[in-house]
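Below is one structure; the comments refer to it alone.
Convention: sequence-line order gives letters A, B, ...; per-chain numbering from 1.
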Number of protein chains: 2
Amino acid sequence: MRWDALEEEPCSMARTIGVIGDRWTLLILRECFLRTRRFEGFQSALGITRHLLAERLKKLVRQGVLRRIPYQESPKRHEYILTQKGLDLYPIMMAIVHWGDTHMVDERGRPLLHQHRKCGKNFDPVMVCSECGEPLSAKEVHTHPGPGARSTTPATKAPEKPKAKPRRSAA
Amino acid sequence: MRWDALEEEPCSMARTIGVIGDRWTLLILRECFLRTRRFEGFQSALGITRHLLAERLKKLVRQGVLRRIPYQESPKRHEYILTQKGLDLYPIMMAIVHWGDTHMVDERGRPLLHQHRKCGKNFDPVMVCSECGEPLSAKEVHTHPGPGARSTTPATKAPEKPKAKPRRSAA
DNA sequence: TTTGACAGTTCGTTTTTAGAACTGTAAACG
DNA sequence: CGTTTACAGTTCTAAAAACGAACTGTCAAA
């Protein structure tokens with residue numbers, strides 16, 4: 001598997017890693033979620049080299065994760081904002097932060113707290129089953145090939161697909 | 001920010017990225033969750049160079065994500081299995097897969113389906129608030145510094161911390 | 001005796017990244 | 001006016017990381 005061919009792999013994880021799976025991209029996206037929009041903002045917040053930053057931003061725009069929008073003429077300047085595709089990365093971010101909060105904090109405690117506007121409380125993100133609403137763990141999940149699986153025959157009768165998106169607590 | 005200093009950053013995301021944020025680690029972990037345990041298994045499944053694979057496995061063991069367990073003497077052979085810390089990466093994996101399933105599939109559909117043993121259905125992972133059980137999105141979350149935040153004064157009165165772990169549907 | 005499985009290690013080449021300086025436009029400073 | 005500053009990059013060289021292929025060592029099977 002070549003690194004630049006990840007996106008053609010028949011694996012949603014490999015494809016996603018092709019987009020966000022390098023040294024800097026997730027950190028850049030963290031800044032996006034913290035409302036950074038401009039080149040200098042990213043650069044000074046992260047200490048990334050300007051060269052790499054420019055390249056990563058281009059890639060994210062190409063991939064539809066960020067949109068590049070002019071905010072002034074002469075000199076032309078743009079800012080980078082998350083598209084819906086980018087906003088949808090939020091659960092990944094939260095899952096990463098939560099793991100760090102659980103396993104990588106020092107004695108001082110967690111660096112950042114998250115407050116849910118709807119209920120007003122500081123919270124942890126919990127991943128649940130879209131169908132029954134119960135929390136998920138690796139051992140409770142069984143995987144099997146879907147219609148887009150590798151070179152198996154196109155799977156005339158694909159197993160039932162889950163219902164669409166965040167439709168929680170059917171429980 | 002230097003890449004090798006990520007783990008000291010006062011940011012759970014940066015620290016986590018210091019562990020899993022490179023070209024191959026997440027793919028190696030995917031294999032772990034798919035029950036691969038041995039060197040050759042990882043190597044042939046991923047096509048990673050043996051050199052890098054050896055190094056990444058060492059790093060994951062050092063970090064407590066994998067445990068290296070002998071499965072035979074003479075010649076000594078070991079296999080790599082997920083620790084609890086490693087198993088806790090599952091929500092990150094699922095979030096990544098789900099984003100790929102949503103935004104990176106081709107016309108054939110998703111390559112892998114996930115079935116929840118408890119309820120028997122194929123599902124999508126949904127991230128919810130630990131406190132009220134509602135699905136989360138970026139706009140509904142407000143962040144503020146916690147006790148382990150950067151060089152601010154140690155925050156004598158830190159805001160209320162969320163209740164522990166997967167304690168869902170207080171709703 | 002040779003071959004093969006397994007788990008690495010070594011080494012030379014190529015690709016990425018780091019680090020710093022440079023480009024160009026335009027407003028602000030003195 | 002001439003200089004400095006803000007901003008968004010681009011260019012260049014050196015250093016680090018990844019790739020690719022071959023090599024090491026132990027043991028079992030052919």
Atom CH2 of A/Trp24 and atom P of C/dA18 are separated, to the nearest Å, by 6 Å
message = Looking at A/Arg50, I'd like to know whether one of its side-chain N or O atoms comes within less than 4.0 Å of OP1 or OP2 on C/dC22.
response = no
Original post:
Within the modelled atom types, does a donor on one side and an acceptor on the other bring the side chain of A/Arg38 and the base of D/dA8 under 3.5 Å apart?
Top reply: no
To the nearest angstrom, the NE2-P distance between B/His51 and D/dC19 comes to 10 Å
Report yes if at least one side-chain N or O of A/Ser74 is closer than 4.0 Å to OP1 or OP2 of C/dA26; otherwise report no. yes
To the nearest angstrom, the CD1-P distance between B/Ile48 and C/dA7 comes to 15 Å
Checklist line | Check: B/His114 main-chain N/O paired with A/Thr143 side-chain donor or acceptor under 3.5 Å | finding: no
Rounded to whole Å, the CG-P distance (B/Leu52 to C/dC11) equals 17 Å
Residues at least two apart in sequence or cross-chain that pass side-chain contact (heavy atoms from CB on, under 4.5 Å) with B/Glu8, listed by chain then number, are B/Ala5
Assign each of A/Lys58 and A/Arg77 the nucleotide of DNA chain D bearing its closest heavy atom; nearer the 5' end lies the nucleotide of A/Arg77
Check: Taking atom types as they are modelled, is there a donor-acceptor pair under 3.5 Å from the base of D/dA17 to the side chain of B/Arg23?
Finding: no
In whole angstroms, the gap separating C1' of C/dG19 from CD of A/Gln43 amounts to 11 Å
When you check the gap from the basic side-chain N to the acidic O, do A/Glu79 and A/Arg38 get nearer than 4.0 Å?
-> yes
> In terms of the angle between their ring planes, are B/Phe42 and B/Tyr80 parallel, tilted or perpendicular, with boundaries placed at 30° and 60°?
Replying inline: perpendicular
